[in-house]
Amino acid sequence: MAALAATPFLQFSRFPRKEKIFSVGRIGDVILKGGSRVFSVTQLKQRRRFCGNGKDCKRKVSVRSAIAVAEKNEVAPVEMEEYDAIVIGSGMGGLVAATQLAVRNVKVLLLEKYVIPGGSSGYYKRNGYTFDVGSSVMFGFSDKGNINLVTRALAAVGRKLDLIPDPTTVHYHLPNDLNVQVHRKFEDFVDELYKRFPHEKAGIDGFFGECWRVFNALNSLELKSLEEPLYLLGQFFKNPIACLTLAYYLPQNAGAIARKHIKDPELLSYIDAECFIVSTVDALRTPMINCAMVVCDRHYGGINYPIGGVGRIAVQLAEGLVEKGGQIQYKANVKSILVDSDKAVGVQLANGRKIYAKKIISNATRWDTFEKLLKPSEMPERERMFQKIYKKSPSFFSIHMGVKAEVLPEGTDCHHFILEDDWSRLQEPYRTIFLSIPTVLDKSLAPEGHHILHIFTVAWMDDFEGLSREEYNAKKESIADDIVERLEKKLFPGLKAATTFREAGSPKTHRRFLARDEGTYGPIPAGIPKGLLGMPFNTTAVDSLYCVGDSCFPGQGVIAVCFSGVMCAHRVAADLGVEKSNPILDKGLSNLLAWFRTLA
Ligand SMILES: NC(=O)c1ccc[n+]([C@@H]2O[C@H](COP(=O)([O-])OP(=O)(O)OC[C@H]3O[C@@H](n4cnc5c(N)ncnc54)[C@H](O)[C@@H]3O)[C@@H](O)[C@H]2O)c1
Ligand SMILES: CC(C)=CCC/C(C)=C/C=C/C(C)=C/C=C/C(C)=C/C=C/C=C(C)/C=C/C=C(C)/C=C/C=C(\C)CCC=C(C)C
């Protein structure tokens, strides 16, 4: 047994009852796991007085004395699975957090419930088609600047994908025949707006000018954890103007800023549509930083599509993770996060297996993390506050289709957004249609002579509850028929007849395959938010538990969750002692941020 004293983390199984396991942490906390019960050394020493609630586990002892206790209690060592960090879920947020830790030589294990990586940025294959699970508009994927976080995430693990530049981010088909093509070149795009709204030229310049101010500030920073004070101070010192600019815009929303410059209601509705496609809410509820980020990045680095499909990004990151010494396990469904004395110490899988780590990172949504992986009755106050400020966004109804190529007119753009009638219906379920045709850029995704149409529209889970299998399937088909008919009228006559493959997914499909509560697309503000002020970062009220992904700052979107992954890895690395940190400053900043959130 003495030989094991040098091992930083030990685990023993108790004789003769093998199901009892206990472990010794690096600092020597001893935990005896017996079913759901957790015992500390103190409790081990006073077994008769143990009441079973595990509340006493605070006392630290040396590994040597822990072993002595173990020996006294007739336990013997067993093989131990212990990591520096466990990441639950391999969405882009989880993958970036895991890879960023692995390249810092942190021993990291990524657990994914599904059979491939990527979550909503994954892919699936059917009948010769490679479909993107989520949408195919990739921000942050260029060679320019600091904000190209997808490119940077891949580069960190030595990967680079071949990209196809998309000449038009999106083609809007809006009420009153408002047609706007968002060209790659900013000047070409605003020309379209000037033509339609000549009386608002100054307003257009004013609003987009402010967007560029925010974007340029973002793009001039080295992006790391905003919860790490030494980094923040360093950035303030190096680039005070950029930091103050961002601090100024942090609590503001795009709609309020648009109204400072623009009066024309139709143009304001257009800005709503621009925000809606990325946040599923109008401009008044979309943080200015997020709006600026997307309306500028598409012209700065441009939107670029990876040859082979969006799913290739996640596959490359997962391979890179393993190459850098990390591990990934598929079909590993985490059922609960193990907590000892208010500290996350490991996870338990659906098959009962327990795995321990110093830090646990959840890429599940905050709702799934705090209501399913942890006991909802023990939800920390900070999370209750988050749930007051943010609610779950609706999910999507999606249709993946294969069609004969001739049905698309020459020069069809890759991405379209359609709202046929009334502007006031922008946020209603099924009213808007998002359409991507990635084969316009990459023909290799479909059999020769065919295109992919990936269509989605906002939908709520409630519409699909309580139906029999037949009713459910019939409902999906009827919604899909209706959308195809609308697309026939608006864009592609003959679409139905040209269809060679069609598969529809409901919010239930999103819930099932992405493990997202109610299939939600992410958090949306319950009222008018104070910009991004109320959005939580990565640390949580549970010691050693972190969240990453779209229910963390700055929200939905691949580039946004990549940023969340970068921030999370930096904070975790600092807490593991791999990056510089200062506990006094940490505490000060954490209190300051908690206070900021109360203002949201
Ligand atoms: N710009 C675009 O075109 C585009 C395209 C696709 C996705 N997206 C964005 O990606 C964002 C989501 O990324 P994300 O990183 O937050 O998460 P995600 O939902 O994509 O991935 C979460 C992953 O965690 C896994 N998981 C959840 N619970 C688990 C458990 N208990 N055990 C094991 N695995 C578990 C899921 O299977 C999934 O793979 C969305 O906001 C969306 O905007 C954008
Ligand atoms: C202390 C404190 C806290 C502070 C101080 C000041 C400062 C320094 C600050 C800073 C800040 C920062 C850095 C920030 C950052 C931010 C970011 C990065 C952001 C980002 C964002 C992004 C986003 C939001 C994105 C999104 C996207 C999306 C969602 C997309 C989607 C798409 C789709 C859906 C498409 C559509 C389609 C069709 C149409 C078809």
Side-chain angles (χ1 to χ4, degrees), residues 87-97 110-114 116-122 132-140 147 149 169-172 214 217-218 221 223-224 226-227 229 232 235-236 239 242-250 277-280 286-287 289-294 297 310 314 332-336 347 349-350 362-365 368-369 372-373 393 396 414-418 432-437 454-456 510 513-516 521-522 532-533 537 548-565 567 589 592-593 596:
V87 181
I88 306 168
S90 71
M92 285 295 288
L95 278 167
V96 172
L110 200 160
L111 298 167
E112 168 56 52
K113 182 178 170 196
Y114 194 43
I116 56 160
S120 37
S121 306
D132 293 332
V133 167
S135 100
S136 318
V137 186
M138 286 294 121
F139 295 89
I147 202 90
L149 295 172
T169 305
V170 51
H171 188 155
Y172 286 98
V214 174
L218 274 177
L221 296 182
L223 295 177
K224 283 178 140 193
L226 299 175
E227 288 186 285
L232 258 190
Q235 291 300 307
F236 263 105
N239 205 335
C243 290
L244 290 173
T245 305
L246 293 171
Y248 172 71
Y249 284 105
L250 201 65
I277 68 163
V278 292
S279 63
T280 65
T286 302
I289 291 189
N290 288 4
C291 169
M293 175 59 226
V294 292
D297 182 58
V310 166
N333 183 9
V334 175
K335 274 288 169 207
S336 63
V347 298
L349 304 187
S362 175
N363 187 204
T365 71
D368 289 285
T369 304
K372 293 185 184 144
L373 300 181
S393 75
F396 283 111
C414 179
H415 307 289
H416 302 259
F417 178 79
I418 300 156
T432 53
I433 301 176
F434 297 70
L435 164 66
S436 288
I437 315 169
H454 178 197
I455 304 158
F456 46 103
H510 285 79
F513 288 101
L514 303 175
R516 300 178 67 92
Y521 177 62
L532 278 170
L533 209 60
F537 292 105
V548 70
D550 62 15
S551 43
C552 301
F553 187 98
Q556 294 105 320
V558 170
I559 180 173
V561 300
C562 284
F563 182 42
S564 155
M567 289 201 295
L589 180 62
L592 183 69
L593 294 175
F596 275 152

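Counting convention: from 1, in listed order, for ligands and their atoms alike.
- The nearest protein atom to atom 14 (P) of ligand 1, hydrogens excluded, is given as Asn363 ND2, 3.7 Å; this is a heavy-atom distance.
- When only interatomic distances are considered, the shortest N/O to N/O separation between Ala364 and ligand 1 does not fall below 3.5 Å.
- Distance from atom 4 (C) of ligand 1 to its nearest protein heavy atom, with residue and atom name: Val558 CG2, 3.5 Å.
- In terms of heavy-atom proximity, Pro117 sits nearest to Leu95 at CB-CD1, 4.3 Å.
- Summary of contacts: the protein heavy atom closest to atom 3 (O) of ligand 1 is Ser135 OG, 2.4 Å.
- Contact annotation: Tyr521 has at least one heavy atom less than 4.0 Å from an atom of ligand 2.
- Looking at Ala515 next to ligand 1, no N or O pair under 3.5 Å apart turns up.
- Within the structure, the salt bridge (charged side-chain N to carboxylate O under 4.0 Å, His left out) test picks out no pair touching residues 551-562 (sequence neighbours left out).
- Residue-ligand proximity, Ser136 to ligand 1, at heavy-atom distances under 4.0 Å covers atoms 3 (O).
- The closest approach between Gly557 and ligand 1 falls below 4.0 Å for a heavy atom of the residue.
- Heavy-atom proximity to atom 25 (C) of ligand 1, evaluated over Met92, Glu112, Lys113, is greatest for Glu112.
- Residue, atom and distance of the protein heavy atom nearest to atom 12 (C) of ligand 1 are Ser120 OG, 3.3 Å.
- Once rounded to the nearest 0.5 Å, the distance linking CZ of Phe456 with CD1 of Ile433 reads 11.5 Å.
- Taking the ring centroids of His415 and Phe417, they lie at or beyond the 6.0 Å cut-off.
- In this structure, atom 3 (C) of ligand 2 lies nearest to the protein heavy atom Leu593 CD2, 3.8 Å.
- Using 4.0 Å as the threshold, Phe139 has no heavy atom nearer than that to any atom of ligand 1.
- For Tyr114, no nitrogen or oxygen atom sits less than 3.5 Å from a nitrogen or oxygen atom of ligand 1, counting backbone and side chain alike.
- The Leu111 neighbourhood of ligand 1 comprises atoms 33 (C), 34 (N), with distances under 4.0 Å to a heavy atom of that residue.
- Contacts with ligand 1 closer than 4.0 Å are made by side-chain heavy atoms of Met138 only, the backbone lying farther away.
- Contacts with ligand 1 closer than 4.0 Å are made by no heavy atom of Pro117, backbone or side chain.
- The protein heavy atom nearest to atom 41 (O) of ligand 1 is Asp550 OD2, 2.6 Å.
- Counting heavy atoms closer than 4.0 Å to ligand 1, residue Arg516 contributes side-chain atoms (C-beta onward) but none from N, CA, C or O.
- Protein heavy atom in closest approach to atom 15 (O) of ligand 1: Gly93 N, 2.8 Å.
- In terms of protein heavy atoms, atom 21 (O) of ligand 1 is closest to Gly91 CA, 3.1 Å.
- Residue contacts with ligand 1: Ala332 is included, with a non-hydrogen atom under 4.0 Å away.
- Looking at Ile88 against ligand 1, only its side chain comes within 4.0 Å, counting heavy atoms.
- Residues passing the side-chain hydrogen bond (donor to acceptor under 3.5 Å, both in side chains) test with Lys372, sequence neighbours excluded: Asp368, Asp517.
- For Ser551, no heavy-atom contact with ligand 1 is shorter than 4.0 Å.
- The distance from ligand 1 to the heavy atoms of Tyr521 drops below 4.0 Å at these ligand atoms: 41 (O), 42 (C), 43 (O).
- Between Val137 and ligand 1, at least one pair of N/O atoms sits closer than 3.5 Å.
- In Val561, the part holding a heavy atom less than 4.0 Å from any atom of ligand 1 is the side chain.
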